[in-house]
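Reckoned from all heavy atoms, side chains included, excluding hydrogens, waters and symmetry mates.
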Amino acid sequence: MLSFKVPDMSCGGCAASVRKALGTVEGVQEVEVDLATKDVRVAGSAKPDLVRAAIEKAGFEVEGLSAA
């Protein structure tokens, strides 16, 4: 499980964009997005650098990416 914050995620459309971006990453099995706290959790075997790259390519910043 990877967890991180996406501080510039501010609306439902942003959350949907984050989910969509993560859906393209190999090894992602499940994505949980909490818009209120800006927390994202990713279950599966995805590599952290690929997760970060997908979020950044979608136009968002990633903070505190760690394995939980």
Next item on the list: Write down the atom of Leu2, the atom of Ala67, and the distance for their closest heavy-atom approach.
Entry: CD2-CA, 4.0 Å
Checklist line | Atom pair CE (Met1) and CD (Gln29), whose distance is rounded to the nearest 0.5 Å | finding: 10.0 Å
Note to self: Can you give me the closest heavy-atom contact between Gly12 and Leu35, atom names plus distance?
What the structure shows: N-CD2, 3.7 Å
Margin query: Has Asp39 got a side-chain atom pairing as donor or acceptor with Asp34's backbone, closer than 3.5 angstrom?
Written below: no
Margin query: Nearest 0.5 angstrom please: Asp49 CG to Glu56 CD, how far?
Written below: 10.5 Å
Notebook entry, point to check: Can you name the closest pair of heavy atoms from Met9 and Lys38 and give their distance?
Noted result: O-NZ, 2.6 Å
Next item on the list: Please name the pair of heavy atoms, one in Val25 and one in Ala54, separated by the smallest distance, quoted to 0.1 Å.
Entry: CG2-CB, 3.4 Å
Next item on the list: Check whether any side-chain heavy atom of Cys14 sits under 4.5 Å from a side-chain heavy atom of Cys11, and report yes or no.
Entry: yes
Next item on the list: Give a yes or no on whether the backbone of Thr37 and the side-chain of Lys5 come within a donor-acceptor separation of less than 3.5 Å.
Entry: yes
Check: How far apart are the closest heavy atoms of Phe60 and Asp8, and which atoms are they?
Finding: CA-OD2, 3.6 Å
Check: Is there side-chain contact between Val51 and Val40, with at least one heavy-atom pair below 4.5 Å?
Finding: no
Next item on the list: First locate atom CZ of Arg41, then atom CD of Glu30, and finally report the distance between them rounded to the nearest 0.5 Å.
Entry: 10.0 Å
